[in-house]
2 protein chains.
Amino acid sequence: MATIKDVARLSGVSIKTVSRVVNNMAEVSPETRQKVQQAILELGYQPNNMARSLVNGRTNTIGVIIPHSADYIFTHPFFTEVLRGIAEVLSANNVNLLLHLAHGRTPYANLYTQRQVDGLILMSIPLGDPNLEGLAASGAPCIGTCRIAENDNSIRWVDADFAGGVEQAMEHLISLGHRHIALLTGPKSLVSVRLREQGYRNSLKKNDLPLVDTYILEGSFTSESGHALAIQAMQLPHPPSALVCGDDMMAFGAVQALKELGRRVPEDVSVVGFDDVSLARFSSPPLTTIRQDTYQKGRIAAEALLSFIRGKNDTAPAQIMLDTSLIVRNSTAPAKHQ
Amino acid sequence: MATIKDVARLSGVSIKTVSRVVNNMAEVSPETRQKVQQAILELGYQPNNMARSLVNGRTNTIGVIIPHSADYIFTHPFFTEVLRGIAEVLSANNVNLLLHLAHGRTPYANLYTQRQVDGLILMSIPLGDPNLEGLAASGAPCIGTCRIAENDNSIRWVDADFAGGVEQAMEHLISLGHRHIALLTGPKSLVSVRLREQGYRNSLKKNDLPLVDTYILEGSFTSESGHALAIQAMQLPHPPSALVCGDDMMAFGAVQALKELGRRVPEDVSVVGFDDVSLARFSSPPLTTIRQDTYQKGRIAAEALLSFIRGKNDTAPAQIMLDTSLIVRNSTAPAKHQ
DNA sequence: GTATTTAATGACAACGTTGTCAGTAAACGT
DNA sequence: ACGTTTACTGACAACGTTGTCATTAAATAC
């Protein structure tokens, strides 16, 4: 493979001059530039990025960290949507995307410490992640597409207003006459899950409805879990007339379970999802859900990180909250008179 | 950030000895090793991978190329499944995954030429991709998770038996009494799409059924396209009684369209998908589909590439064909007597 | 016509590692 | 006691770039 020296030799100039041509620096005479470009073309020369990075200390690569099994990540539409936003922005900026699926093992701060990336985007980090200390110590520029601690402003993030979203769903259901509403949550190790529960509690209080502990069911963000929790909810002494689910996958599983139990959705039981995954409108019945703009979340996070790394961080706020909106489809209906 | 020199200074040995300790080489006395490890710990030293790569010429990174818009890639479950397989294998081998979403613009061979990756995995490459020449010229180790040309053995690949898969679907439909079967295909610039059509034609011939040109409808792998093509098919003078779709997304869209047209699935029209995406069994009706093990495709491709790069390529065949299987659910039923 | 600026170029060090090879001291064989 | 092996160690070059600074020649100023 041709190196800068080969080009220098062929065009009869010094390597420094070749470097100047390659990097489009001003102080090169037109004739020399011409000569060098000819040689570059002839040899098919491409600069070696390892060497470049070594001297200027930048890798032109951003690491995306998702501390879950690839299994979970890629079966879940949420991650791919965020990734889509990130990938688009990085690609447009000619920055490489290094995908790091560290489920617990490798301390991901190493990616920065070992100079493999210029910064990190953190997705779906659980509370008390043991890697966070090392991350802070490393000084790696980073941003989360989720909140990482409940009241921590030390790390920047872009995230949806989960509490507000669930409140919207609750208001919708309550206005339809529902009084017995269960919450099917994801793992409470995630701040977003806690915030959803917060929204649920807020709405109950605001509407003078009692908080029934057994109506809060913890699971995981999978259709299987939604399926199991829905059955559990329906076997309660006083089964709820509506289910608010942590995400759309859970909602799909819940709808399936309700059908299997012989309950009609939405006539017998209303179901609300969260995310507005693209398939939500093709499911049957089309799913009422709280839309968060997951794609924008990815875009904004990537843009914020890039501009921070490039030193334009003065203006950008450290934390960015994105709105949610309720999309009413056909999985919710007025409560049956009891 | 601490370098190898700092460690050498602190522990009172040469940098070469530190290097030996870091790389676990044998010829270091226990006491020296102890001393050096102490210093490494104290300074929090991490070797700089740029420098390492520069000298030994390996990046420990594999590039995954998907020449489509991120938009398309990440809304389509197929890609994420392959990625899941790839990511798992690479992660287990401690190899980084560089995601490159080059929709046409950047010649992706550059990733190798510029020494950013040790090899490439190519996904969903269209026929006549202008980057392929450059790729061959670069000598980059690579493998496709799709066939890239119709009769080209120069590039290794792992792919499903699309023709065979469609034949299975056709046999199923024909055995249910269907005689008017339409094929809703993806873009014919993909070899896989042509192979599906080949399977369709094979089955017709084998069963002495006429080939009706208007029954082959070309679109793209999206639910929107499936929706549009299904309407188109149903507006034909002799509408088909069954639709074989290029993938599950198209099938979902087709089912939706049929519902909108007042046709029941499967009573009036049977629909078969392709892929067996995880949501296929939650759709309504649950989708009959041709399963390809997309996840395994990713795993196998990654493993084959790694072992090729590591020089154990003698045994592995250059091309690997994966079986498909028909999963019969509720979107297909006997043809109505006409 | 001389001093001063400007434009273009190259020699060399530096980035942080690993590879090559030579060196030293201890252990061994006879 | 002397040569030979063995175990350990370090000096130095190399990887392919870019940054610093010096050098040269031409252009400009007075």
Side-chain angles (χ1 to χ4, degrees), chain A residues 1-40 43-61 96 110-118 138, chain B residues 1-40 43-61 96 110-118 138:
Chain A
M1 221 162 284
T3 74
I4 200 171
K5 280 185 196 165
D6 300 322
V7 178
R9 197 161 25 237
L10 181 58
S11 50
V13 299
S14 73
I15 56 169
K16 183 63 219 195
T17 299
V18 176
S19 173
R20 279 189 265 255
V21 171
V22 170
N23 292 283
N24 259 309
M25 324 217 80
E27 340 92 315
V28 182
S29 75
E31 312 89 65
T32 314
R33 168 161 282 136
Q34 174 66 34
K35 246 189 333 189
V36 172
Q37 276 165 341
Q38 175 61 32
I40 288 177
L43 295 170
Y45 167 72
Q46 299 260 353
N48 179 323
N49 268 301
M50 296 294 114
R52 279 187 159 175
S53 296
L54 181 57
V55 32
N56 63 27
R58 310 180 97 251
T59 61
N60 224 34
T61 302
N96 296 314
N110 284 5
L111 278 182
Y112 181 74
T113 324
Q114 301 177 349
R115 313 278 38 214
Q116 309 241 60
V117 301
D118 294 334
S138 77
Chain B
M1 220 162 287
T3 73
I4 200 170
K5 281 185 194 165
D6 301 321
V7 177
R9 197 163 23 239
L10 181 59
S11 50
V13 299
S14 73
I15 56 170
K16 182 65 218 193
T17 300
V18 176
S19 173
R20 278 190 265 256
V21 172
V22 170
N23 292 282
N24 259 310
M25 325 218 79
E27 340 91 317
V28 181
S29 77
E31 311 89 67
T32 313
R33 167 161 281 136
Q34 174 66 33
K35 245 189 333 189
V36 173
Q37 276 164 341
Q38 174 61 32
I40 288 176
L43 295 170
Y45 167 72
Q46 300 258 352
N48 178 323
N49 267 302
M50 296 294 115
R52 278 185 160 175
S53 295
L54 181 58
V55 33
N56 63 27
R58 310 180 95 253
T59 61
N60 226 33
T61 301
N96 296 315
N110 285 6
L111 278 183
Y112 180 74
T113 324
Q114 301 178 348
R115 313 279 35 217
Q116 309 241 61
V117 302
D118 294 336
S138 76

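Every value quoted in this text rests on a predicted model; they were computed, and no experiment measured them. Within every chain, numbering begins at 1; the chains are lettered A, B, ... in the order of the sequence lines, protein sequences first and strands thereafter.
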### Query
Residues in side chain to side chain donor-acceptor pair (under 3.5 Å) with A:Asn49, at least two apart?
B:Gln114

#### Entry: Under 4.0 Å protein heavy-atom contact, by nucleotide of nucleotides 22-28 of chain D - B base, S sugar-phosphate only
-------

### Task
Determine, for nucleotides 4-19 of chain C in 5'-to-3' order, which nucleotides have protein heavy atoms under 4.0 Å from the base (write B), from only the sugar-phosphate (write S), or from neither (write -).
----SBBB---BBBBB

### Message
Using the side chain to side chain contact (heavy atoms under 4.5 Å, CB included) definition, which of the options A:Asn96, A:Leu111, A:Thr59 pairs with A:Asp118?
### Response
A:Thr59

Is a donor on one side and an acceptor on the other found under 3.5 Å between the side chain of [X] and the backbone of [Y]?
| X | Y | value |
| --- | --- | --- |
| A:Asn56 | A:Arg58 | yes |
| A:Arg20 | A:Val22 | no |
| B:Arg33 | B:Val21 | no |

### Query
Going from CD on A:Gln116 to OG1 on B:Thr61, what distance comes out if it is rounded to the nearest 0.5 angstrom?
6.0 Å

### Query
Heavy atoms, side chains only, cut-off 4.5 Å: are B:Arg52 and B:Asn23 in contact?
yes

